[in-house]
A.B. asks: 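Take a look at this one; I'll ask things after.
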There are 2 protein chains.
Amino acid sequence: MDSQTASCAGLLKVLSDETRLAVVRLLLEEPRRVGQLSQDLHVEQSLLSHHLKVLREAGLVETQRDGKSVLYSLSPSMRRRARGEAIDLGCCLISFAGR
Amino acid sequence: MDSQTASCAGLLKVLSDETRLAVVRLLLEEPRRVGQLSQDLHVEQSLLSHHLKVLREAGLVETQRDGKSVLYSLSPSMRRRARGEAIDLGCCLISFAGR
DNA sequence: TATTCAGATGAATGGCTGTTCATTTGATTC
DNA sequence: GAATCAAATGAACAGCCATTCATCTGAATA
């Protein structure tokens, strides 16, 4: 059980929350402001903010001031093309290929 | 926030534990008995058994009696080939393509 | 500069979850 | 059938985490 597996589990834990996963999927489409996310997901502002902090600290998302609001986007380094054998969860594929 | 996202988060939660993730990665190679897993991962029998139960109930793994021991293998339906845009966690890729 | 709007932060709380220990079940062997 | 080996189960506990509420920061506008 290498340390790589440990940190990977940690990242999966970040994504294993319904709200955070939904945020990431929305940001996979395009950047959005917090207010938009809050409306789209029907999640109260404060709670969403806490979740966004977790995503930030995990390096999954990045922020950018936009006047009064803040624009969230998926970290560019997180974008990749998948290929190779994977685990099919039905909802998504998890692949370890080439690692 | 659809119910699909909820159940997906649930499955990711199952994989977000270091021990369970390590088990799945080993079973991705080939089926193994509990004793083997326990030795390979340095995880005590009872604890491993609890984790295996979680994996079983999530439908991720299947079991097969083999004399005194039990053979665990990755559920065939979980095996797929990944392709399309994905989120790169460094340790693995998560892809939602075509869903 | 006072007010308002957008978002972040901190403390408090309740529920979930990983771990341990003791016990049990199921299958083999003596 | 008693003893042994492999794995599963249940109860108990402790630490973690999502949620809520109240408050604060920071930027725009009047």
Side-chain angles (χ1 to χ4, degrees), chain A residues 1 3 5-27 31-75, chain B residues 1 3 5-27 31-75:
Chain A
M1 196 138 53
S3 70
T5 302
S7 65
C8 184
L11 281 169
L12 289 177
K13 190 162 291 167
V14 170
L15 290 177
S16 75
D17 177 87
E18 183 179 357
T19 300
R20 293 195 291 263
L21 182 60
V23 167
V24 166
R25 294 198 65 173
L26 284 176
L27 296 185
R32 290 171 207 241
R33 278 167 282 163
V34 178
Q36 288 180 299
L37 290 170
S38 182
Q39 276 191 293
D40 293 352
L41 301 174
H42 306 98
V43 173
E44 191 260 332
Q45 182 270 319
S46 171
L47 177 55
L48 180 58
S49 192
H50 281 296
H51 283 302
L52 289 172
K53 183 179 191 176
V54 175
L55 289 171
R56 258 184 283 130
E57 290 179 343
L60 278 162
V61 303
E62 290 179 359
T63 64
Q64 187 182 345
R65 261 277 168 199
D66 175 26
K68 284 184 191 172
S69 42
V70 175
L71 192 66
Y72 273 79
S73 50
L74 192 66
S75 297
Chain B
M1 197 138 52
S3 68
T5 301
S7 65
C8 184
L11 281 169
L12 289 176
K13 189 162 292 169
V14 170
L15 290 178
S16 74
D17 176 87
E18 183 181 358
T19 300
R20 293 194 292 263
L21 182 60
V23 166
V24 166
R25 295 198 65 173
L26 284 177
L27 296 185
R32 292 173 205 239
R33 280 167 280 165
V34 178
Q36 289 180 300
L37 291 170
S38 182
Q39 275 191 294
D40 293 351
L41 301 174
H42 305 100
V43 173
E44 190 261 333
Q45 182 269 319
S46 170
L47 176 55
L48 180 58
S49 191
H50 282 297
H51 284 302
L52 289 172
K53 184 178 190 177
V54 175
L55 289 171
R56 257 184 284 133
E57 290 178 345
L60 279 162
V61 302
E62 290 179 0
T63 64
Q64 187 182 347
R65 262 275 168 196
D66 176 25
K68 284 185 192 173
S69 42
V70 175
L71 191 68
Y72 274 79
S73 50
L74 192 67
S75 295

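We name chains A, B, ... by the order of the sequence lines, and we start the count at 1 in each one. Hydrogens, waters and symmetry mates are skipped; everything else that's a heavy atom, side chains included, is used. As the structure is a prediction and not an experimental result, all values here were calculated from the model.
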A.B. asks: Rounded to whole Å, please give me the gap between CD in B:E18 and C1' in D:dC16.
C.D. replies: 16 Å
A.B. asks: Please name the pair of heavy atoms, one in B:K68 and one in B:R65, separated by the smallest distance, quoted to 0.1 Å.
C.D. replies: O-NH1, 2.9 Å
A.B. asks: Without decimals, in angstroms, what is the distance between A:R33 CZ and C:dC5 C1'?
C.D. replies: 13 Å
A.B. asks: Measure across A:R33 and A:S69 and return the closest heavy-atom pair with its distance rounded to 0.1 Å.
C.D. replies: CD-OG, 3.1 Å
A.B. asks: Roughly, in whole Å, what's the span from CD in B:E57 to C1' in D:dA8?
C.D. replies: 12 Å
A.B. asks: Closest-nucleotide mapping onto DNA chain C: is B:D17 or A:T63 further toward the 5' terminus? I mean the 5' end.
C.D. replies: A:T63
A.B. asks: Identify the heavy atoms of A:L21 and A:L15 that sit nearest to each other, and give their distance.
C.D. replies: CB-O, 3.5 Å
A.B. asks: I need the residues from residues 5-14 of chain A with at least one non-hydrogen atom less than 4.0 Å from DNA chain C; give them sorted by number, or say none.
C.D. replies: none
A.B. asks: Has A:R65 got a side-chain N or O lying under 4.0 Å from the OP1 or OP2 atom of C:dA6?
C.D. replies: no
A.B. asks: Say you draw a straight line from CG of A:L11 to OG of A:S16; how long is it, rounded to the nearest 0.5 Å?
C.D. replies: 11.0 Å
A.B. asks: With a 4.0 Å cutoff (strictly under), does any side-chain N or O of B:Y72 reach OP1 or OP2 of D:dA6?
C.D. replies: no
A.B. asks: With no hydrogens and no angle check, is any side-chain donor or acceptor of B:R25 less than 3.5 Å from a backbone partner on B:L27?
C.D. replies: no
A.B. asks: Would you indicate, yes or no, if C:dG7 has its OP1 or OP2 atom less than 4.0 angstrom from a side-chain nitrogen or oxygen of A:R32?
C.D. replies: no
A.B. asks: Which whole-number value in Å describes the distance from B:L41 CG to C:dG18 P?
C.D. replies: 16 Å
A.B. asks: Determine yes or no for a side-chain-to-main-chain donor-acceptor pair under 3.5 angstrom, with B:S38 supplying the side chain and B:E44 the backbone.
C.D. replies: no
A.B. asks: Starting at CD of B:Q64 and ending at C1' of C:dA27, how long is that distance when rounded to a whole Å?
C.D. replies: 15 Å
A.B. asks: So do the side chains of A:D40 and A:R32 get within less than 4.5 Å of each other, counting heavy atoms only?
C.D. replies: yes
A.B. asks: Which residues in residues 42-54 of chain B have a heavy atom closer than 4.0 Å to any atom of DNA chain C?
C.D. replies: B:S46, B:L47, B:H50, B:H51
A.B. asks: If I compare all heavy atoms of A:S75 with all of A:G59, which pair ends up nearest, and what's the gap?
C.D. replies: OG-O, 2.9 Å
A.B. asks: How many whole angstroms separate atom CZ of B:R56 from atom C1' of D:dA8?
C.D. replies: 7 Å
A.B. asks: Identify every side-chain donor-acceptor pair in residues 49-58 of chain A under 3.5 Å, counting partners at least two apart or on other chains, and give the distances.
C.D. replies:
unit_1: A:H51; atom_1: ND1; unit_2: A:R20; atom_2: NH1; d: 3.1
unit_1: A:R56; atom_1: NE; unit_2: A:Y72; atom_2: OH; d: 3.1

A.B. asks: Whole angstroms only, please: what is the CG-P distance between B:L55 and D:dA8?
C.D. replies: 11 Å
A.B. asks: On DNA chain D, check which nucleotide each of A:K68 and B:K68 is closest to and give me the residue with the more 5' one.
C.D. replies: B:K68
